[in-house]
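Here the structure comes first, spelled out in C-alpha coordinates, and everything after it is commentary.
Since the structure is predicted, the reported quantities are computational estimates derived from the model, not experimental observations.
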Amino acid sequence: MQRRTLVALAALAASAMASPFALAQAGGDIKIAHVYSRTGPLEAYGKQTQAGLMMGLEYATGGTMTVNGKKITVIEKDDQGKPDLGKSLLATAYSDDKADIAVGPTSSGVALAMLPVAEEYKKILLVEPAVADSITGDKWNKYIFRTGRNSSQDAISNAVALDKQGTTIATLGQDYAFGRDGVKAFKESIKNAKIVHEEYLPANTTDFTAGAQRLIDKLKDQPGRKVIWIIWAGAGNPFKIADLDLKRHGIEIATGGNILPAMVAYNQFPGMEGATYYYHQFPKNAANEWLVKEHQSRFNGPPDFFTAGGFSAAMALVTALKKTNGDTATPKLISAMEGMSFDTPKGPMTFRKEDHQAMQSMYHFRVSPNAKTGGQPDLQLVKEIPPGEMNVPVRNKH
(Lines give C-alpha, C1' and ligand atoms only; values in the text may rest on other atoms or scores of the structure.)
Protein backbone atom coordinates (compact mmCIF):
# COMPACT_ATOMS: atom_id res chain seq x y z
CA MET A 1 0.00 0.00 0.00
CA GLN A 2 2.77 2.40 1.00
CA ARG A 3 4.67 1.62 -2.22
CA ARG A 4 1.56 2.34 -4.32
CA THR A 5 1.12 5.66 -2.53
CA LEU A 6 4.73 6.63 -3.15
CA VAL A 7 4.43 5.66 -6.82
CA ALA A 8 1.28 7.77 -7.06
CA LEU A 9 3.04 10.74 -5.48
CA ALA A 10 6.00 10.32 -7.81
CA ALA A 11 3.67 10.24 -10.80
CA LEU A 12 1.92 13.33 -9.53
CA ALA A 13 5.25 15.13 -9.09
CA ALA A 14 6.16 14.17 -12.66
CA SER A 15 2.87 15.51 -13.96
CA ALA A 16 3.56 18.75 -12.08
CA MET A 17 6.49 19.32 -14.42
CA ALA A 18 4.43 18.57 -17.52
CA SER A 19 4.59 20.93 -20.49
CA PRO A 20 1.93 23.63 -20.93
CA PHE A 21 0.71 21.66 -23.99
CA ALA A 22 0.16 18.53 -21.93
CA LEU A 23 -1.59 20.55 -19.25
CA ALA A 24 -3.85 22.14 -21.84
CA GLN A 25 -4.98 18.68 -22.91
CA ALA A 26 -6.26 18.04 -19.39
CA GLY A 27 -9.39 20.13 -20.01
CA GLY A 28 -11.30 19.90 -16.77
CA ASP A 29 -8.33 19.79 -14.43
CA ILE A 30 -8.02 22.10 -11.43
CA LYS A 31 -4.60 23.65 -11.90
CA ILE A 32 -2.71 24.82 -8.85
CA ALA A 33 0.63 26.60 -9.36
CA HIS A 34 3.07 26.25 -6.48
CA VAL A 35 5.70 29.00 -6.65
CA TYR A 36 8.30 28.39 -3.95
CA SER A 37 12.02 28.27 -3.15
CA ARG A 38 12.96 24.84 -4.46
CA THR A 39 16.49 26.25 -4.47
CA GLY A 40 18.07 29.31 -2.85
CA PRO A 41 18.54 30.44 0.76
CA LEU A 42 15.13 29.18 1.94
CA GLU A 43 15.29 25.86 0.07
CA ALA A 44 14.78 23.77 3.23
CA TYR A 45 11.52 25.60 3.96
CA GLY A 46 10.29 25.42 0.37
CA LYS A 47 10.83 21.69 0.05
CA GLN A 48 8.91 21.06 3.26
CA THR A 49 6.00 23.18 2.01
CA GLN A 50 5.88 21.21 -1.25
CA ALA A 51 5.89 17.86 0.57
CA GLY A 52 3.15 19.08 2.91
CA LEU A 53 1.06 20.46 0.03
CA MET A 54 1.09 17.14 -1.82
CA MET A 55 0.32 15.12 1.33
CA GLY A 56 -2.44 17.56 2.27
CA LEU A 57 -4.07 17.26 -1.15
CA GLU A 58 -3.90 13.50 -0.83
CA TYR A 59 -5.45 13.53 2.66
CA ALA A 60 -8.15 16.11 1.89
CA THR A 61 -9.30 14.26 -1.27
CA GLY A 62 -9.21 10.81 0.33
CA GLY A 63 -6.36 9.80 -1.96
CA THR A 64 -8.26 10.54 -5.20
CA MET A 65 -6.56 13.86 -6.03
CA THR A 66 -9.92 14.95 -7.44
CA VAL A 67 -12.73 17.31 -6.41
CA ASN A 68 -16.17 16.84 -7.93
CA GLY A 69 -14.63 14.60 -10.59
CA LYS A 70 -11.98 17.14 -11.57
CA LYS A 71 -8.35 16.10 -11.28
CA ILE A 72 -6.02 18.37 -9.30
CA THR A 73 -2.78 19.14 -11.15
CA VAL A 74 0.09 20.89 -9.37
CA ILE A 75 2.53 22.96 -11.45
CA GLU A 76 5.82 23.58 -9.60
CA LYS A 77 7.88 26.73 -10.14
CA ASP A 78 11.18 27.60 -8.44
CA ASP A 79 11.49 31.30 -7.55
CA GLN A 80 14.98 30.73 -6.01
CA GLY A 81 14.06 33.32 -3.38
CA LYS A 82 14.28 36.13 -6.01
CA PRO A 83 11.39 38.66 -6.03
CA ASP A 84 11.59 39.50 -9.76
CA LEU A 85 11.70 35.83 -10.71
CA GLY A 86 8.76 34.99 -8.44
CA LYS A 87 6.74 37.80 -9.99
CA SER A 88 7.38 36.61 -13.56
CA LEU A 89 6.77 32.94 -12.69
CA LEU A 90 3.40 33.78 -11.16
CA ALA A 91 2.40 35.77 -14.25
CA THR A 92 3.44 32.82 -16.43
CA ALA A 93 1.46 30.41 -14.25
CA TYR A 94 -1.72 32.46 -14.53
CA SER A 95 -1.37 33.33 -18.24
CA ASP A 96 0.47 30.52 -20.05
CA ASP A 97 -0.23 27.59 -17.71
CA LYS A 98 -3.82 28.73 -17.06
CA ALA A 99 -3.44 28.05 -13.33
CA ASP A 100 -6.72 28.53 -11.46
CA ILE A 101 -5.06 29.22 -8.11
CA ALA A 102 -1.49 29.77 -6.93
CA VAL A 103 0.16 28.81 -3.63
CA GLY A 104 3.39 30.27 -2.23
CA PRO A 105 5.94 31.71 -1.95
CA THR A 106 8.50 30.90 0.73
CA SER A 107 10.06 34.36 1.09
CA SER A 108 8.23 37.48 2.25
CA GLY A 109 10.23 39.59 -0.21
CA VAL A 110 9.07 37.39 -3.09
CA ALA A 111 5.48 37.46 -1.81
CA LEU A 112 5.37 41.26 -1.79
CA ALA A 113 6.50 41.27 -5.44
CA MET A 114 3.80 38.72 -6.35
CA LEU A 115 0.76 40.36 -4.73
CA PRO A 116 0.07 42.84 -7.59
CA VAL A 117 0.26 39.97 -10.12
CA ALA A 118 -2.64 38.17 -8.42
CA GLU A 119 -4.63 41.41 -8.59
CA GLU A 120 -3.74 41.98 -12.25
CA TYR A 121 -4.87 38.49 -13.28
CA LYS A 122 -7.79 38.44 -10.80
CA LYS A 123 -6.73 35.04 -9.49
CA ILE A 124 -6.26 33.80 -5.95
CA LEU A 125 -2.79 33.61 -4.40
CA LEU A 126 -2.85 31.54 -1.21
CA VAL A 127 0.23 32.71 0.68
CA GLU A 128 2.12 29.94 2.45
CA PRO A 129 4.46 30.30 4.30
CA ALA A 130 5.70 33.93 3.79
CA VAL A 131 5.16 35.76 7.09
CA ALA A 132 5.49 39.56 6.73
CA ASP A 133 2.48 41.44 8.14
CA SER A 134 2.38 43.71 5.09
CA ILE A 135 1.24 40.76 2.90
CA THR A 136 -2.17 40.83 4.58
CA GLY A 137 -1.57 44.43 5.68
CA ASP A 138 -0.96 47.56 3.63
CA LYS A 139 0.12 45.61 0.50
CA TRP A 140 -2.92 43.29 0.55
CA ASN A 141 -5.59 42.95 -2.12
CA LYS A 142 -8.79 40.88 -2.18
CA TYR A 143 -7.19 38.01 -4.14
CA ILE A 144 -4.75 37.29 -1.32
CA PHE A 145 -5.48 34.65 1.34
CA ARG A 146 -2.93 33.29 3.80
CA THR A 147 -2.81 30.00 5.74
CA GLY A 148 0.71 30.77 7.00
CA ARG A 149 0.93 32.68 10.23
CA ASN A 150 1.75 36.38 10.03
CA SER A 151 4.33 38.38 11.96
CA SER A 152 1.69 39.58 14.43
CA GLN A 153 0.64 36.03 15.30
CA ASP A 154 4.29 35.10 15.80
CA ALA A 155 4.98 38.19 17.87
CA ILE A 156 1.85 38.17 20.03
CA SER A 157 2.31 34.52 20.94
CA ASN A 158 5.99 35.12 21.78
CA ALA A 159 5.05 38.13 23.87
CA VAL A 160 2.87 35.80 25.97
CA ALA A 161 6.05 34.05 27.08
CA LEU A 162 8.14 37.18 27.74
CA ASP A 163 5.92 40.16 28.55
CA LYS A 164 6.45 40.41 32.31
CA GLN A 165 7.11 43.38 34.59
CA GLY A 166 10.82 43.74 35.37
CA THR A 167 11.95 42.19 32.07
CA THR A 168 14.19 44.15 29.68
CA ILE A 169 14.36 42.99 26.05
CA ALA A 170 16.60 43.71 23.09
CA THR A 171 15.70 42.27 19.67
CA LEU A 172 17.84 40.72 16.94
CA GLY A 173 16.29 40.38 13.50
CA GLN A 174 17.13 40.14 9.81
CA ASP A 175 17.15 43.39 7.88
CA TYR A 176 14.24 42.77 5.50
CA ALA A 177 10.44 42.55 5.64
CA PHE A 178 10.33 39.36 7.74
CA GLY A 179 12.64 40.68 10.46
CA ARG A 180 11.41 44.29 10.57
CA ASP A 181 7.69 43.40 10.45
CA GLY A 182 8.28 40.77 13.11
CA VAL A 183 10.02 43.15 15.50
CA LYS A 184 7.42 45.88 14.86
CA ALA A 185 4.58 43.48 15.74
CA PHE A 186 6.49 42.16 18.76
CA LYS A 187 7.03 45.69 20.10
CA GLU A 188 3.33 46.47 19.70
CA SER A 189 2.50 43.29 21.64
CA ILE A 190 4.73 44.09 24.63
CA LYS A 191 2.78 45.88 27.35
CA ASN A 192 4.74 45.19 30.58
CA ALA A 193 8.37 44.50 29.65
CA LYS A 194 10.74 47.20 28.38
CA ILE A 195 12.43 47.11 24.95
CA VAL A 196 15.76 48.98 24.91
CA HIS A 197 17.33 48.12 21.54
CA GLU A 198 16.60 46.74 18.06
CA GLU A 199 19.48 45.14 16.16
CA TYR A 200 19.09 44.37 12.43
CA LEU A 201 21.70 42.41 10.50
CA PRO A 202 21.88 41.34 6.84
CA ALA A 203 19.99 38.11 6.10
CA ASN A 204 23.24 36.36 5.07
CA THR A 205 25.15 37.27 8.27
CA THR A 206 27.57 34.61 9.52
CA ASP A 207 29.62 36.68 12.00
CA PHE A 208 27.31 37.97 14.74
CA THR A 209 30.06 39.39 16.99
CA ALA A 210 29.57 43.12 16.36
CA GLY A 211 25.78 42.92 16.57
CA ALA A 212 25.95 40.82 19.72
CA GLN A 213 28.30 43.30 21.38
CA ARG A 214 25.83 46.13 20.74
CA LEU A 215 23.06 44.00 22.27
CA ILE A 216 25.19 43.18 25.33
CA ASP A 217 26.12 46.84 25.82
CA LYS A 218 22.44 47.85 25.87
CA LEU A 219 21.40 45.10 28.29
CA LYS A 220 24.28 44.38 30.66
CA ASP A 221 23.60 47.17 33.17
CA GLN A 222 19.80 46.76 33.17
CA PRO A 223 18.11 45.49 36.36
CA GLY A 224 15.91 42.39 36.51
CA ARG A 225 15.51 39.76 33.79
CA LYS A 226 17.40 40.52 30.56
CA VAL A 227 16.47 38.85 27.28
CA ILE A 228 17.62 38.95 23.66
CA TRP A 229 14.64 37.99 21.49
CA ILE A 230 15.75 36.58 18.13
CA ILE A 231 13.70 36.49 14.93
CA TRP A 232 15.71 34.77 12.19
CA ALA A 233 15.05 32.58 9.15
CA GLY A 234 17.22 30.62 6.74
CA ALA A 235 21.02 30.54 6.82
CA GLY A 236 23.25 31.80 9.60
CA ASN A 237 23.15 30.81 13.27
CA PRO A 238 22.31 33.76 15.53
CA PHE A 239 22.57 31.46 18.56
CA LYS A 240 26.33 31.83 18.18
CA ILE A 241 25.93 34.98 20.26
CA ALA A 242 25.68 32.67 23.28
CA ASP A 243 29.40 32.01 22.80
CA LEU A 244 30.08 35.61 23.89
CA ASP A 245 29.39 34.62 27.50
CA LEU A 246 25.95 36.16 27.83
CA LYS A 247 25.52 34.35 31.15
CA ARG A 248 28.24 36.51 32.70
CA HIS A 249 25.88 39.47 32.23
CA GLY A 250 22.76 37.50 33.21
CA ILE A 251 21.39 37.73 29.66
CA GLU A 252 19.04 35.05 28.32
CA ILE A 253 18.08 34.18 24.74
CA ALA A 254 14.49 33.69 23.59
CA THR A 255 13.05 32.94 20.17
CA GLY A 256 10.07 31.49 18.33
CA GLY A 257 9.78 28.15 16.59
CA ASN A 258 11.73 27.01 13.56
CA ILE A 259 12.43 23.88 11.55
CA LEU A 260 13.62 20.85 13.53
CA PRO A 261 17.32 21.02 12.49
CA ALA A 262 17.47 24.66 13.65
CA MET A 263 15.67 23.91 16.92
CA VAL A 264 18.24 21.26 17.90
CA ALA A 265 20.33 24.27 18.99
CA TYR A 266 17.56 25.17 21.48
CA ASN A 267 18.63 22.21 23.62
CA GLN A 268 21.66 24.30 24.65
CA PHE A 269 19.24 26.59 26.50
CA PRO A 270 17.23 24.43 28.93
CA GLY A 271 14.18 26.27 30.22
CA MET A 272 14.16 28.77 27.31
CA GLU A 273 10.60 29.78 26.41
CA GLY A 274 8.98 31.01 23.23
CA ALA A 275 6.05 30.32 20.96
CA THR A 276 5.89 28.31 17.77
CA TYR A 277 3.56 27.85 14.82
CA TYR A 278 3.87 24.05 14.90
CA TYR A 279 5.71 21.20 16.57
CA HIS A 280 4.61 17.71 15.59
CA GLN A 281 4.05 16.47 19.15
CA PHE A 282 1.76 19.32 20.23
CA PRO A 283 -1.54 19.20 18.25
CA LYS A 284 -3.96 16.34 18.96
CA ASN A 285 -6.31 15.78 16.00
CA ALA A 286 -6.94 13.30 13.19
CA ALA A 287 -5.19 15.30 10.45
CA ASN A 288 -2.00 15.67 12.50
CA GLU A 289 -2.04 11.99 13.49
CA TRP A 290 -2.22 11.01 9.81
CA LEU A 291 0.48 13.51 8.85
CA VAL A 292 2.88 12.38 11.59
CA LYS A 293 2.37 8.68 10.86
CA GLU A 294 2.59 8.98 7.06
CA HIS A 295 5.53 11.39 7.10
CA GLN A 296 7.47 9.09 9.41
CA SER A 297 6.72 6.18 7.11
CA ARG A 298 7.61 7.97 3.86
CA PHE A 299 10.47 10.25 4.90
CA ASN A 300 11.85 8.46 7.97
CA GLY A 301 11.26 11.45 10.24
CA PRO A 302 8.51 13.62 11.72
CA PRO A 303 6.80 16.39 9.75
CA ASP A 304 8.27 19.81 10.26
CA PHE A 305 7.17 23.42 10.63
CA PHE A 306 6.55 24.12 6.94
CA THR A 307 5.27 20.63 6.12
CA ALA A 308 2.30 21.41 8.35
CA GLY A 309 1.89 24.74 6.55
CA GLY A 310 1.78 23.19 3.09
CA PHE A 311 -0.69 20.59 4.38
CA SER A 312 -2.91 23.36 5.81
CA ALA A 313 -2.86 25.23 2.48
CA ALA A 314 -3.99 22.07 0.67
CA MET A 315 -6.83 21.52 3.13
CA ALA A 316 -7.99 25.12 2.70
CA LEU A 317 -8.06 24.77 -1.09
CA VAL A 318 -9.90 21.45 -1.10
CA THR A 319 -12.43 22.73 1.43
CA ALA A 320 -13.09 25.77 -0.78
CA LEU A 321 -13.30 23.70 -3.98
CA LYS A 322 -15.76 21.31 -2.35
CA LYS A 323 -17.90 24.33 -1.39
CA THR A 324 -17.92 25.50 -5.03
CA ASN A 325 -18.43 21.93 -6.37
CA GLY A 326 -15.10 22.19 -8.17
CA ASP A 327 -15.87 25.55 -9.77
CA THR A 328 -12.62 27.54 -9.98
CA ALA A 329 -14.18 30.90 -10.91
CA THR A 330 -12.38 33.43 -8.71
CA PRO A 331 -15.50 35.27 -7.41
CA LYS A 332 -17.00 31.96 -6.29
CA LEU A 333 -13.78 30.92 -4.58
CA ILE A 334 -13.46 34.26 -2.78
CA SER A 335 -17.07 33.99 -1.62
CA ALA A 336 -16.45 30.44 -0.39
CA MET A 337 -13.18 31.28 1.39
CA GLU A 338 -14.06 34.51 3.19
CA GLY A 339 -14.92 33.53 6.77
CA MET A 340 -14.39 29.84 5.91
CA SER A 341 -13.25 27.44 8.62
CA PHE A 342 -11.26 24.34 7.68
CA ASP A 343 -9.38 21.54 9.42
CA THR A 344 -5.57 21.44 9.50
CA PRO A 345 -2.87 19.53 11.41
CA LYS A 346 -3.02 22.43 13.90
CA GLY A 347 -6.76 22.08 14.36
CA PRO A 348 -9.36 24.43 12.84
CA MET A 349 -8.34 27.62 11.06
CA THR A 350 -10.66 30.40 9.85
CA PHE A 351 -9.99 32.96 7.12
CA ARG A 352 -10.82 36.35 8.62
CA LYS A 353 -13.11 38.28 6.27
CA GLU A 354 -11.34 41.62 6.66
CA ASP A 355 -7.88 40.54 5.44
CA HIS A 356 -8.15 36.81 4.61
CA GLN A 357 -5.55 35.96 7.27
CA ALA A 358 -6.05 32.50 8.78
CA MET A 359 -6.80 32.76 12.49
CA GLN A 360 -5.08 29.83 14.19
CA SER A 361 -3.61 28.48 17.39
CA MET A 362 0.01 28.99 18.37
CA TYR A 363 2.00 27.01 20.95
CA HIS A 364 3.82 28.39 24.00
CA PHE A 365 6.77 26.02 24.54
CA ARG A 366 9.58 25.55 26.99
CA VAL A 367 12.84 23.75 26.22
CA SER A 368 12.98 20.78 28.56
CA PRO A 369 15.12 21.41 31.66
CA ASN A 370 16.68 17.98 30.93
CA ALA A 371 17.33 18.64 27.24
CA LYS A 372 20.37 16.83 25.87
CA THR A 373 22.44 18.60 23.21
CA GLY A 374 22.18 17.05 19.76
CA GLY A 375 19.51 14.64 18.58
CA GLN A 376 16.02 16.09 18.26
CA PRO A 377 14.78 19.33 19.87
CA ASP A 378 13.26 18.58 23.26
CA LEU A 379 10.26 20.91 23.63
CA GLN A 380 7.48 20.82 26.20
CA LEU A 381 4.06 22.34 25.57
CA VAL A 382 3.30 25.02 28.15
CA LYS A 383 -0.01 26.10 26.60
CA GLU A 384 -1.89 26.12 23.34
CA ILE A 385 -2.73 29.77 22.59
CA PRO A 386 -6.08 29.78 20.74
CA PRO A 387 -6.97 32.55 18.26
CA GLY A 388 -9.37 34.11 20.76
CA GLU A 389 -6.46 34.87 23.12
CA MET A 390 -4.48 36.76 20.47
CA ASN A 391 -5.68 40.21 19.47
CA VAL A 392 -4.22 40.07 15.95
CA PRO A 393 -4.66 43.51 14.37
CA VAL A 394 -6.21 44.02 10.93
CA ARG A 395 -3.49 45.98 9.16
CA ASN A 396 -4.87 46.51 5.68
CA LYS A 397 -6.28 49.88 4.62
CA HIS A 398 -9.05 48.44 2.45
Side-chain angles (χ1 to χ4, degrees), residues 48 52 56 59 128-129 131 133 136 146-164 182 185-186 188-193 229 231 254-260 262-263 266-267 269-293 295-296 302-316 319 339-352 357-371 376-393:
Q48 287 182 17
Y59 178 82
E128 176 63 56
V131 179
D133 267 340
T136 43
R146 174 158 54 185
T147 44
R149 87 284 187 207
N150 66 14
S151 289
S152 289
Q153 287 165 316
D154 260 354
I156 292 165
S157 56
N158 274 279
V160 166
L162 297 175
D163 191 17
K164 307 280 194 308
F186 180 75
E188 289 174 4
S189 307
I190 293 291
K191 301 289 187 271
N192 301 303
W229 184 66
I231 176 167
T255 192
N258 207 323
I259 58 174
L260 293 168
M263 290 199 299
Y266 293 13
N267 289 357
F269 310 101
M272 180 177 78
E273 292 185 36
T276 187
Y277 167 81
Y278 176 80
Y279 180 66
H280 61 281
Q281 293 178 357
F282 291 167
K284 306 297 180 194
N285 60 69
N288 194 54
E289 282 177 23
W290 186 91
L291 173 59
V292 171
K293 183 181 174 192
H295 198 280
Q296 187 69 47
D304 212 336
F305 207 83
F306 297 99
T307 325
F311 199 106
S312 298
M315 293 189 77
T319 302
M340 181 182 84
S341 294
F342 51 100
D343 286 329
T344 79
K346 296 178 58 180
M349 291 188 191
T350 302
F351 284 127
R352 184 164 61 180
Q357 174 63 48
M359 297 292 100
Q360 56 194 285
S361 290
M362 300 287 280
Y363 304 95
H364 178 185
F365 70 84
R366 179 182 295 117
V367 178
S368 169
N370 308 311
Q376 289 288 324
D378 188 357
L379 306 186
Q380 299 174 341
L381 178 63
V382 177
K383 181 180 187 290
E384 180 175 335
I385 309 168
E389 290 185 19
M390 290 180 282
N391 182 22
V392 179

Check whether any side-chain heavy atom of [X] sits under 4.5 Å from a side-chain heavy atom of [Y], and report yes or no.
{"X": "V131", "Y": "D154", "answer": "yes"}
{"X": "S312", "Y": "M349", "answer": "yes"}
{"X": "H364", "Y": "I385", "answer": "yes"}
{"X": "V392", "Y": "R352", "answer": "yes"}
{"X": "F306", "Y": "I259", "answer": "yes"}
{"X": "T319", "Y": "M340", "answer": "yes"}

- request: Evaluate side-chain contact (heavy atoms from CB on, under 4.5 Å) for V367 paired with D378, printing each intermediate quantity in order.
  value: CA-CA 6 Å; V367 178; D378 188 357; 5.5 Å; no

query: So, K383 and E389, do they make that salt bridge, N to O below 4.0 Å?
result: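 Salt bridge: yes.
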
For [X] versus [Y], what's the shortest heavy-atom pair and its separation?
{"X": "G148", "Y": "E128", "value": "N-OE1, 2.9 Å"}
{"X": "M263", "Y": "P377", "value": "O-CB, 3.5 Å"}
{"X": "N150", "Y": "D133", "value": "CG-OD1, 3.3 Å"}
{"X": "W229", "Y": "N158", "value": "NE1-OD1, 3.5 Å"}
{"X": "S157", "Y": "M390", "value": "CB-SD, 4.1 Å"}
{"X": "A316", "Y": "T147", "value": "CB-CG2, 3.9 Å"}

- prompt: Just checking, is any N or O donor in the side chain of R146 or Q357 under 3.5 Å from an acceptor N or O on the other one?
  reply: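 Distance-only check passes for R146 and Q357.
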
Under the 3.5 angstrom rule, does the side chain of [X] hit a backbone N or O of [Y] as a donor-acceptor pair?
{"X": "D304", "Y": "L260", "result": "yes"}
{"X": "K346", "Y": "S361", "result": "yes"}
{"X": "Q360", "Y": "A358", "result": "yes"}

- prompt: Are Y279 and F282 close enough that their ring centres sit under 6.0 Å apart?
  reply: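 They qualify: ring centres under 6.0 Å apart.
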
message: Looking only at the aromatic ring of each residue, does the gap between the centers of Y363 and Y278 stay below 6.0 angstrom?
response: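 When the ring centroids of Y278 and Y363 are compared, they turn out to be at least 6.0 Å apart.
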
task: May I have the step-by-step check of salt bridge (charged side-chain N to carboxylate O under 4.0 Å, His left out) for K191 and D163, ending in yes or no?
output: CA-CA 7 Å; K191 301 289 187 271; D163 191 17; over 6 Å; no

field: Heavy atoms from other residues, nucleotides or ligands near NZ of K293 exceed 12 (cutoff 6.0 Å)
entry: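 Counting neighbours around NZ of K293, 12 or fewer heavy atoms of other residues, nucleotides or ligands fall under 6.0 Å, so no.
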
